[in-house]
Participant: 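Quick one: the structure is below, and I'll ask about it shortly.
Keep in mind that what you see is a predicted model, and the values were worked out from it rather than measured. Quick note on labels: first sequence line is chain A, next is B, and so on, each numbered from 1.
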There are 2 protein chains.
Amino acid sequence: MARAPRLGPYICGIDAALDVVSGKWKGLILWELDAHGVRRFAELRRGLPGVSEKMLTQHLREMETDGLVHREVYAEVPPRVEYSLTEHGRTLNRALAPLGAWGVERIRREGHETVDAAEPSHL
Amino acid sequence: MARAPRLGPYICGIDAALDVVSGKWKGLILWELDAHGVRRFAELRRGLPGVSEKMLTQHLREMETDGLVHREVYAEVPPRVEYSLTEHGRTLNRALAPLGAWGVERIRREGHETVDAAEPSHL
DNA sequence: TGCGGTACTTACCTTTTAGTAAGGGGATCT
DNA sequence: AGATCCCCTTACTAAAAGGTAAGTACCGCA
């Protein structure tokens, strides 16, 4: 791992954008950071139910090298690290908005349950 | 594979939308079908440099069960199958447009090379 | 006769991605 | 004294995604 800028060459813009958001939790991380502005590691962890520490660090590192998130480390005694979106991260989020709306429509159409409303109707 | 509607539950719309477009060639398939309207299997294959027949069928089948593409089989002597976008596929493509634009910007910034000079229609 | 084109399917293998579990080291809480 | 919190790192394992190659069955062309 630790691919520096990222692989390419890309065939079109969708390619390049999907490369950056594909990853099980990246969409949610983007959303959390967009909603709260600044979040610490443990806050993000609590905000993403089920994420492991390894995956969270890994995704955050990749998003940092991709120029989406800013990582600010405070050399304090209980270590403190704050994550926030960069300008690129914010524009990405804005570009993602119509896709999110489409997804919400799809969930509605298909009758999928969201996580907190999960009720197992007979499959 | 052959997951019927798709897994879920989703945490947000981005989740649901990414579920449907994640796959190495799905973005390109969407683009090809959007650009040409109707395409046969072998035409799509030629349009996606490097795709294997297996991956192409697999992706097309998933996109069909996801309600994005329509598959029309003609029972002719040299078999003929035509693929096109459904209405949902077309709205997805429209929702993908800002993301594609973001990706193009990113490619420009990073100085990645594109494979071909063809421009996606939804820019 | 043998090749290429049509649209796949199947089996097998490699690569990538994600999950699990443990550790580290100092500081505050009980 | 012991537990917990903080933000990770490392090693190992499992699952998913993707690639390669071959087979199917029928046809037209040279």
Side-chain angles (χ1 to χ4, degrees), chain A residues 1-4 6-8 10-11 15 18-29 32-33 36 38-66 69-84, chain B residues 1-4 6-8 10-11 15 18-29 32-33 36 38-66 69-84:
Chain A
M1 44 231 60
R3 41 213 175 145
R6 214 80 156 209
L7 326 105
Y10 300 119
I11 292 169
D15 242 27
L18 287 181
D19 190 17
V20 141
V21 288
S22 62
K24 192 167 179 185
W25 306 95
K26 288 194 184 172
L28 284 311
I29 292 173
E32 274 282 314
L33 289 180
H36 296 93
V38 174
R39 294 247 99 176
R40 301 183 55 178
F41 185 86
E43 289 174 329
L44 279 172
R45 188 152 140 68
R46 284 188 287 265
L48 312 183
V51 74
S52 68
E53 298 191 336
K54 176 191 135 190
M55 286 312 296
L56 186 52
T57 4
Q58 191 174 304
H59 279 174
L60 285 169
R61 288 295 141 80
E62 289 178 11
M63 295 169 82
E64 197 191 351
T65 74
D66 283 337
V69 318
H70 173 70
R71 182 165 178 265
E72 187 81 38
V73 184
Y74 298 87
E76 297 175 354
V77 171
R80 183 160 61 104
V81 184
E82 287 184 349
Y83 296 92
S84 54
Chain B
M1 44 232 50
R3 41 213 174 145
R6 213 80 155 209
L7 326 104
Y10 299 119
I11 292 170
D15 243 27
L18 286 182
D19 190 18
V20 143
V21 288
S22 64
K24 192 168 180 184
W25 306 95
K26 289 194 183 170
L28 283 313
I29 292 172
E32 275 282 315
L33 289 180
H36 297 92
V38 174
R39 295 247 99 178
R40 300 182 56 176
F41 186 86
E43 289 174 328
L44 279 172
R45 187 153 140 66
R46 285 187 286 267
L48 311 183
V51 75
S52 68
E53 297 191 338
K54 176 192 136 189
M55 286 311 298
L56 185 52
T57 5
Q58 192 175 302
H59 279 173
L60 285 169
R61 289 295 141 80
E62 289 178 11
M63 294 168 82
E64 197 191 353
T65 74
D66 284 336
V69 318
H70 173 70
R71 181 165 178 264
E72 187 82 39
V73 184
Y74 298 88
E76 298 176 352
V77 170
R80 183 159 61 105
V81 183
E82 288 185 348
Y83 295 93
S84 55

Participant: May I have the distance from A:E62 (atom CD) to C:dT16 (atom P), rounded to whole angstrom?
Facilitator: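 The distance from CD of A:E62 to P of C:dT16 comes to 13 Å, rounded to the nearest Å.
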
Participant: Please report the distance, rounded to the nearest Å, between CD in A:Q58 and P in D:dT9.
Facilitator: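 Taking atom P of D:dT9 as the reference, CD of A:Q58 is at 10 Å.
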
Participant: Rounded to the nearest angstrom, tell me the gap between atom NZ in B:K26 and atom P in D:dA17.
Facilitator: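 Result: 9 Å.
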
Participant: Using the side chain to side chain contact (heavy atoms under 4.5 Å, CB included) rule, take A:E62 and A:L60 through it: C-alpha gap first, then chi angles, then the decisive distance, then the call.
Facilitator: CA-CA 5 Å; A:E62 289 178 11; A:L60 285 169; over 6 Å; no

Participant: Are OP1 or OP2 of D:dC7 and a side-chain N or O of A:R40 less than 4.0 angstrom apart?
Facilitator: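 Yes, because at least one side-chain N or O of A:R40 sits under 4.0 Å from OP1 or OP2 of D:dC7.
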
Participant: Testing the basics here: between A:K26 and A:V21, what is the closest heavy-atom pair and its distance to 0.1 Å?
Facilitator: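 Scanning both residues, the minimum pair turns out to be CB-O, 3.6 Å.
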
Participant: Give a yes/no answer on whether the side chain of A:R61 brings an N or O atom under 4.0 Å of OP1 or OP2 in D:dT9.
Facilitator: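 Yes.
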
Participant: Starting at atom CZ of A:R45, determine the distance to atom P of D:dC5, rounded to an integer number of angstrom.
Facilitator: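 In whole Å, D:dC5 P and A:R45 CZ are 10 Å from each other.
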
Participant: Please check the phosphate of D:dA17 (OP1 and OP2 only) for any side-chain N or O of B:W25 closer than 4.0 Å.
Facilitator: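 It does not, given that no N or O in the side chain of B:W25 lies less than 4.0 Å from OP1 or OP2 of D:dA17.
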
Participant: Looking only at side-chain N and O atoms, does B:H59 come under 4.0 Å of OP1 or OP2 in D:dG18?
Facilitator: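 The answer is yes; a side-chain N or O of B:H59 sits under 4.0 Å from OP1 or OP2.
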
Participant: Round to a whole Å and report the spacing from CZ of B:F41 to C1' of D:dT24.
Facilitator: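 Atom CZ in B:F41 sits about 14 Å away from atom C1' in D:dT24.
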
Participant: NZ of A:K54 versus C1' of D:dT9: gap in Å, rounded?
Facilitator: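 Rounded to the whole Å, the gap is 11 Å.
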
Participant: Hey, mind stepping through B:E72 and B:R80 against side chain to side chain contact (heavy atoms under 4.5 Å, CB included) and telling me if it holds?
Facilitator: CA-CA 8 Å; B:E72 187 82 39; B:R80 183 159 61 105; over 6 Å; no

Participant: Would A:R46 and A:E43 count as a side chain to side chain contact (heavy atoms under 4.5 Å, CB included) here? Give the steps.
Facilitator: CA-CA 5 Å; A:R46 284 188 287 265; A:E43 289 174 329; 4.0 Å; yes

Participant: Pick the closest DNA chain C nucleotide for A:G23 and for A:P78 by heavy atoms, then say which residue is nearer the 5' end.
Facilitator: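 Between the two, 5'-proximity favours A:G23.
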
Participant: Report which part of the nucleic acid B:Y74 touches: base, sugar-phosphate, or nothing (heavy-atom distance under 4.0 Å, all strands).
Facilitator: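 It contacts nothing in the nucleic acid.
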
Participant: From D:dG18, D:dA11, D:dC6, pick the nucleotide closest to the side chain of B:M55?
Facilitator: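 It is D:dG18.
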
Participant: Are B:R39 and B:Y83 in a cation-pi setup, meaning NZ or CZ lies under 6.0 angstrom from the ring centre and within 45 degrees of the ring axis?
Facilitator: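 Output no; distance or angle outside limits.
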
Participant: Counting heavy atoms from C-beta on, name the nucleotide in C:dT20, D:dG19, D:dC6 closest to the side chain of A:P79.
Facilitator: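 Nucleotide nearest to A:P79's side chain: D:dC6.
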
Participant: OP1 or OP2 of C:dG19 versus the side-chain N and O atoms of A:K24: is any pair under 4.0 Å?
Facilitator: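 Yes, such a contact exists.
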
Participant: Check the distance between C:dT6's P and B:L44's CG and give it to me in whole angstrom.
Facilitator: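 Computing the B:L44:CG to C:dT6:P distance gives 12 Å.
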
Participant: D:dG18 P sits how many Å from B:I29 CD1, rounded?
Facilitator: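 Rounded to the whole Å, the gap is 11 Å.
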
